[in-house]
2 protein chains.
Amino acid sequence: MKMSGGVEWALHCAVVLSAADRPVPAVRLAELHDVSSSYLAKQLQALSRAGLIRAAQGHAGGYELARPADGITVLDVVEAVDGAQPAFTCTEIRQRGPLATPPEACLRPCPIARTMSVADQAWRAALRAVTVADLAQEVTGDNTDAFTVLRGWLTA
Amino acid sequence: MKMSGGVEWALHCAVVLSAADRPVPAVRLAELHDVSSSYLAKQLQALSRAGLIRAAQGHAGGYELARPADGITVLDVVEAVDGAQPAFTCTEIRQRGPLATPPEACLRPCPIARTMSVADQAWRAALRAVTVADLAQEVTGDNTDAFTVLRGWLTA
DNA sequence: CTTGACTCGGACACAATGAGTCCGAGTAGA
DNA sequence: TCTACTCGGACTCATTGTGTCCGAGTCAAG
Ligand code: FES
Ligand code: FES
């Protein structure tokens, strides 16, 4: 039950990108957070594959959000980086062993798997309810000038 | 975001133990599910350390539930086997880099970490709402004689 | 148009965690 | 007393995540 550590980086990068008005290179984002630029590139590639951010190559290229910030949920970023598969996977062990449940009684999923699925859906719903725009709003809620400072540092 | 595969085994074992009226050895549970007895022993040890099941050694020993089945939640088993630490861990990268947020502005946790925490709590709440007794009830809801068959096989 | 430098993209090693196995200490019964 | 059976922790191997690297492609400037 351990989530990829790059999720934190990706989410912070998404919030930062929502404040930028032009493409930002991966190296710039890396030194902004003081993390490995090579590894951050991998996370950004994952986001790019998922269609959340758009990559521009060549001189003055970089990454920018592909959609408005209020159209990208936290769940989107998490699933892009960490994988969309549910944490719990049922192996159907109830159909194995001497007292195996007959297949005709397994029309519905195992109660245990159902419980896990419900919990997983609740988790996903909580993440889907928050967008990148909400996060940016909450970050810059107290100090609104940090927004402009950040934008200036990105373009410099 | 991958949960330990032994969680499924441990939960099924907990349901089975709720039907037993005497200690059941780990080997018996292993051949019942057709899984590695050595590895299942590790999961049962974790449950024992967490105080969910009680171990009896020696001849005619084995495992039995330490509490009534309706007092053991699914979350208890999951945390015992997979660890109680939350999946997302904040590294406080906002306090690093050239535009680091000053510590006096970090009195409250990062909005991203807060969102993750809310989602984690929702997940845990969903798992805490279901007990082992509920699972057993749901399993034996349709075919009530399977309960007695299982109990007979355990004592044999 | 040429050149150049800058960007992403995927392919390549290393390390940590989980999966699986094993044998010894301890105990209840015969 | 003796035996046989049980758990408990220590050990090894495989898988996945972490971190790094260099080449293909591209845009801007001169
Ligand atoms: S058989 Fe997979 S959870 Fe019950
Ligand atoms: S600093 Fe850890 S989630 Fe924002």
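So that the names make sense, note that chain A is the first sequence line, chain B the second, and so on, each numbered from 1. Keep in mind that what you see is a predicted model, and the values were worked out from it rather than measured.
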Requested in this report: Check DNA chain D against residues 17-31 of chain A and give the residues with a non-hydrogen atom under 4.0 Å, in numerical order.
Outcome: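 The stretch gives none, as no residue of it lies under 4.0 Å from the strand.
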Check side-chain hydrogen bond (donor to acceptor under 3.5 Å, both in side chains) between [X] and all other residues, then give those that pass, not counting sequence neighbours.
X	value
S36(B)	none
D82(B)	none
T131(B)	D134(B)
R22(B)	none

**Report entry** Contacts of type salt bridge (charged side-chain N to carboxylate O under 4.0 Å, His left out), residue R128(B), not counting sequence neighbours
**Finding:**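 R128(B) satisfies salt bridge (charged side-chain N to carboxylate O under 4.0 Å, His left out) with no other residue.
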Requested in this report: Applying salt bridge (charged side-chain N to carboxylate O under 4.0 Å, His left out), name anything that partners D70(A), two or more places apart in sequence or on another chain.
Outcome: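 Residues passing salt bridge (charged side-chain N to carboxylate O under 4.0 Å, His left out) with D70(A): none at all.
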**Report entry** Nucleic acid contacts - residues 51-58 of chain A versus DNA chain C, non-hydrogen atoms under 4.0 Å
**Finding:**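 Within residues 51-58 of chain A, the residues near DNA chain C are A55(A), Q57(A), G58(A).
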Requested in this report: Could you please spell out the steps behind the side chain to side chain contact (heavy atoms under 4.5 Å, CB included) verdict for K2(A) and K2(B)?
Outcome: CA-CA 7 Å; K2(A) 185 66 174 52; K2(B) 186 66 173 53; over 6 Å; no
Roughly, in whole Å, what's the span from [atom1] in [X] to [atom2] in [N]?
X	N	atom1	atom2	value
Q45(B)	dG26(C)	CD	C1'	14 Å
L44(A)	dT7(C)	CG	P	13 Å
E64(B)	dT6(D)	CD	P	15 Å
H59(B)	dC2(D)	NE2	P	18 Å

Below 3.5 Å is the cut-off: list the nitrogen or oxygen pairs between protein and nucleotides 15-22 of chain D, distance only.
unit_1  : atom_1 : unit_2 : atom_2 : d
dT18(D) : OP1    : G5(A)  : N      : 3.1
dT18(D) : OP2    : S4(A)  : OG     : 2.9
dT18(D) : OP2    : Y39(A) : OH     : 3.0
dT18(D) : O5'    : Y39(A) : OH     : 3.3
dG19(D) : O6     : K42(A) : NZ     : 2.8
dT20(D) : OP2    : S36(A) : OG     : 2.3

Query raised in the report: Between R49(A) and dG10(C), is there a side-chain N or O to OP1/OP2 distance below 4.0 Å?
Result: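 For dG10(C), OP1/OP2 do have a side-chain N/O of R49(A) under 4.0 Å.
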Query raised in the report: Going by distance alone, is a donor N or O of one side chain under 3.5 Å from an acceptor N or O of the other, for E8(B) and T91(A)?
Result: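 Indeed, the side chains of E8(B) and T91(A) share at least one donor-acceptor pair under 3.5 Å.
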**Report entry** Distance-only polar pair, side chains of S117(A) and D120(A), donor-acceptor under 3.5 Å
**Finding:**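 There is no such pair (donor and acceptor under 3.5 Å, judged by atom type) between the side chains of S117(A) and D120(A).
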Query raised in the report: If we fit an axis to the first five pairs and another to the last five of the helix from dC1(C)-dG30(D) to dA30(C)-dT1(D), what angle do they make, to the nearest 10°?
Result: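 Between the axes fitted at each end of the helix from dC1(C)-dG30(D) to dA30(C)-dT1(D) lies an angle of 10°.
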Report task. Please report the C-alpha distance between M116(A) and L127(B) in whole Å, then the side-chain angles of each, then the deciding distance to 0.1 Å, and finally whether the side chain to side chain contact (heavy atoms under 4.5 Å, CB included) criterion is met. Result -> CA-CA 7 Å; M116(A) 288 299 188; L127(B) 292 184; 3.9 Å; yes
Query raised in the report: Pairs in or reaching into residues 87-103 of chain A: which pass salt bridge (charged side-chain N to carboxylate O under 4.0 Å, His left out), with residues at least two apart or in two chains?
Result: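 Applying salt bridge (charged side-chain N to carboxylate O under 4.0 Å, His left out) to every pair that reaches into residues 87-103 of chain A, excluding sequence neighbours, yields E92(A)-R94(A), R96(A)-D34(B).
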Query raised in the report: Cationic tip of R124(A) within the cone over W123(B)'s six-membered ring, i.e. under 6.0 Å and within 45° of the normal?
Result: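 That pair does not qualify as a cation-pi contact.
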Query - Residue pairs fulfilling side-chain hydrogen bond (donor to acceptor under 3.5 Å, both in side chains) with at least one residue in residues 43-62 of chain A, sequence neighbours excluded - result: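 Applying side-chain hydrogen bond (donor to acceptor under 3.5 Å, both in side chains) to every pair that reaches into residues 43-62 of chain A, excluding sequence neighbours, yields Y39(A)-Q43(A).
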